[in-house]
Amino acid sequence: MSVLIIVFLTAVAALFSGVFEKGKFARYIGIFGLIVALYVSFLPEASFFEKYRLMYEYGANTALFTKISIVTTLLLFFLGGFAFSNHRNHQSELYALMLFALCGGFVLFGYQNLVTLFIGVEILSIPLYVMAGANKTDLRSNEASLKYFLMGAFATGFLLLGIAFIYGSTGTFDLYRIHDFSTVNPTNGMFILGVVLMLCAMAFKVALAPFHMWSPDVYQGAPSLITAFMASVVKISGFFALFRLMTIGFSGVTQEWINILGVFLIITLLLANVMGLAQTNAKRMLAYSSVSHAGYIGLVFFGMNALSTYTLAFYLFAYSLSTVGVFMCLIWVEKLKRETSYGAFKGLAKSEPLLAVVATISLLSMAGIPLTAGFMGKFSLFAQALTKDNNTFLVIVAVLGSAISIAYYLRLIIAMFFFKETTFKTTERVSITYNIVAVFVIASLIVLGIFPDLFAKQFGL
């Protein structure tokens, strides 16, 4: 909870810095606060917060996902100076809203109670509704904000109704007491209905088909840095919240929801990858890519073992690094070309080779090509699922989806590298900050692909 308080105070400071110099110090305040929070996340939790343990517990798993989300947000903040150059008059609000949303993610990492879960979901979601519409003069951005808000409110209704059914059948909001009830009463009709409703609500938050309808339009309409935040930090938060809910609270009725989740994953893996193949806009393609990765991540629920939490953390971190790597390239191209079609990337490797390389390595990691962190993440998830024979079909679908994804990732790589003339007629060059982030992402994806155990060491496991 110390980390949560630090990030919250940093968000408040960044927000009020907007009264000075149009908020140009907000990014530096955010970076400083996140570095302090990252340092504190490696320290033992203060005993003062022990009294709140029934609502929020800062255990080892909470600390792990907190560190991952802070590192990812920190990388995005480093990109913010260029990415938010069109938002000079309200950049402090955008940085503050990102930090407030991150606070919601922290709550989801350690909730012990369904009320805390609901609070975390709303703290995470409400700033995103605002940030998606940050481009006030862009109709796509306005549509993204409105669509995200309406669909989010609809999903919140599912979540609240599910919580009501769970409370009505168990008489408690506590996650571990709910687990005890589910073990003793695995056939309670009201309880099962509550489980299904909550699963559907959380499937919306992580963009699992058929609850992904908002994702492509929102991802395309939102400012690119915000899209990167949603595709990485928000996905980390949503998936670990779902993981805690289903493996702790509802583990006693696993047979009642696991097949429903399996259907969601099959639809997600096939639909998202086929639709990604049909796209002509790189940003929209990455939106469907994000949906497809929700399908891969969902495999963590199948063939679960003692390493499942670690496997989930590794994959989410690898995917988040890849997201940062691709979007830093997309942000640069979008600023110069005012578009994100595949054609806008033609010849990028000749003018900005480092950006093209980091985007390529990131895309290859997303596709699961060997010697990248994404390959190790997918291999771990597939191997875990295959420990049970009845999951073989699901893994085959995942492998097929991964194979399809290579085709649309290669289209972007070909555009960057295989054109003789560059279309970037500008003297503007990538800043030193972008180059540092690019080198970090490239090194991390390759090193973790070759030495995955370094992930455990770096995050204090």
Side-chain angles (χ1 to χ4, degrees), residues 1-17 26-77 92-131 173-175 202 205 229-230 232-245 248 309 312-313 316-317 320 459-461:
M1 193 172 286
S2 303
V3 178
L4 174 60
I5 292 172
I6 290 170
V7 173
F8 173 77
L9 294 176
T10 302
V12 173
L15 180 63
F16 282 98
S17 72
R27 183 165 73 102
Y28 304 107
I29 292 171
I31 290 172
F32 175 76
L34 288 169
I35 291 173
V36 173
L38 182 61
Y39 170 75
V40 172
S41 69
F42 284 90
L43 303 177
E45 182 66 300
S47 58
F48 172 80
F49 299 112
E50 187 68 25
K51 66 181 78 173
Y52 303 108
R53 189 170 182 176
L54 291 178
M55 297 293 286
Y56 178 86
E57 181 182 15
Y58 190 79
N61 291 336
T62 304
L64 172 61
F65 284 87
T66 296
K67 294 167 190 172
I68 293 172
S69 61
I70 291 175
V71 170
T72 305
T73 307
L74 194 56
L75 292 175
L76 294 175
F77 266 63
S92 61
E93 291 95 321
L94 291 174
Y95 289 120
L97 286 170
M98 287 176 71
L99 292 171
F100 283 129
L102 181 61
C103 289
F106 291 162
V107 174
L108 293 177
F109 295 147
Y111 73 92
Q112 298 286 92
N113 190 293
L114 295 186
V115 175
T116 316
L117 167 64
F118 173 74
I119 292 171
V121 167
E122 293 308 299
I123 295 174
L124 177 70
S125 300
I126 292 173
L128 294 175
Y129 303 152
V130 180
M131 288 189 288
F173 292 115
D174 185 82
L175 214 55
M202 295 306 295
K205 297 300 178 184
F229 182 80
M230 288 192 287
S232 55
V233 176
V234 175
K235 196 170 286 290
I236 293 170
S237 306
F239 253 105
F240 189 61
L242 177 62
F243 186 79
R244 284 183 64 86
L245 182 67
I248 298 177
T309 304
L312 175 63
L316 286 170
F317 185 61
S320 297
F459 285 90
L461 298 178

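Any value given below was found using the heavy atoms of this structure, including those in side chains, with hydrogens, waters and symmetry copies removed.
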Fill in: Minimum heavy-atom distance Ala101-Phe229, with the two atoms named
CB-CE2, 3.8 Å

Item to complete: Apply side chain to side chain contact (heavy atoms under 4.5 Å, CB included) to the pair Thr10 and Val36, showing each step before the final yes or no.
Response: CA-CA 10 Å; Thr10 302; Val36 173; over 6 Å; no

Worksheet, complete the sentence: Exactly one of Leu312, Val71, Leu64 clears side-chain contact (heavy atoms from CB on, under 4.5 Å) with Phe317, and that residue is Val71

Worksheet entry | Nearest non-hydrogen partners of Ser2 and Val40, listed with the distance | CB-CG1, 4.0 Å

Worksheet item: Between Lys235 and Leu316, which heavy-atom pair has the shortest distance, and what is it?
Response: O-CD2, 4.4 Å

Worksheet entry | The single option from Leu108, Leu128, Leu102 passing side-chain contact (heavy atoms from CB on, under 4.5 Å) against Val234 | Leu128

Worksheet item: Counting distance only, does the side-chain N/O of Thr116 pair as donor-acceptor with the main-chain N or O of Met55 below 3.5 Å?
Response: yes

Item to complete: Using the six-membered ring wherever Trp is involved, compare the ring planes of Phe65 and Phe109 and label them parallel, tilted or perpendicular (cut-offs 30° and 60°).
Response: tilted

Fill in: For the student: nearest non-hydrogen atoms of Leu34 and Ile70, plus distance
O-CG2, 3.5 Å

Fill in: Test side chain to side chain contact (heavy atoms under 4.5 Å, CB included) applied to Tyr95 and Leu15, step by step
CA-CA 8 Å; Tyr95 289 120; Leu15 180 63; over 6 Å; no

Worksheet, complete the sentence: All heavy atoms of Met202 vs all of Gly238, minimum pair found to be CE-O, 3.8 Å

Worksheet item: Any side-chain heavy-atom pair from Phe100 and Val12 closer than 4.5 angstrom?
Response: yes

Response to the item:
Closest non-hydrogen contact found for Arg27 with Phe77 is CD-O, 3.0 Å

Worksheet item: Is the Tyr111 to Tyr56 ring centre distance short of 6.0 Å?
Response: no

Validation: residues 117-127 side-chain donor-acceptor distances under 3.5 Å, sequence neighbours left out:
| residue | atom | partner | partner atom | Å |
| --- | --- | --- | --- | --- |
| Glu122 | OE2 | Thr156 | OG1 | 3.1 |
| Ser125 | OG | Val121 | O | 2.7 |
| Ser125 | OG | Lys205 | NZ | 3.1 |

Fill in: With Phe106 via ring-ring contact (aromatic ring centres under 6.0 Å, His included) - residues at least two apart
none

Practice prompt. Taking the side chain as every heavy atom from C-beta outward, state whether Leu76 and Ser232 have any atom pair closer than 4.5 Å.
Written response: yes

Item to complete: Any chance you could lay out the side chain to side chain contact (heavy atoms under 4.5 Å, CB included) test for Glu93 and Met131, step after step, and finish with the verdict?
Response: CA-CA 9 Å; Glu93 291 95 321; Met131 288 189 288; over 6 Å; no

Fill in: Pairwise side-chain contact, Ile35 with Tyr39, heavy-atom cut-off 4.5 Å (strictly under)
no

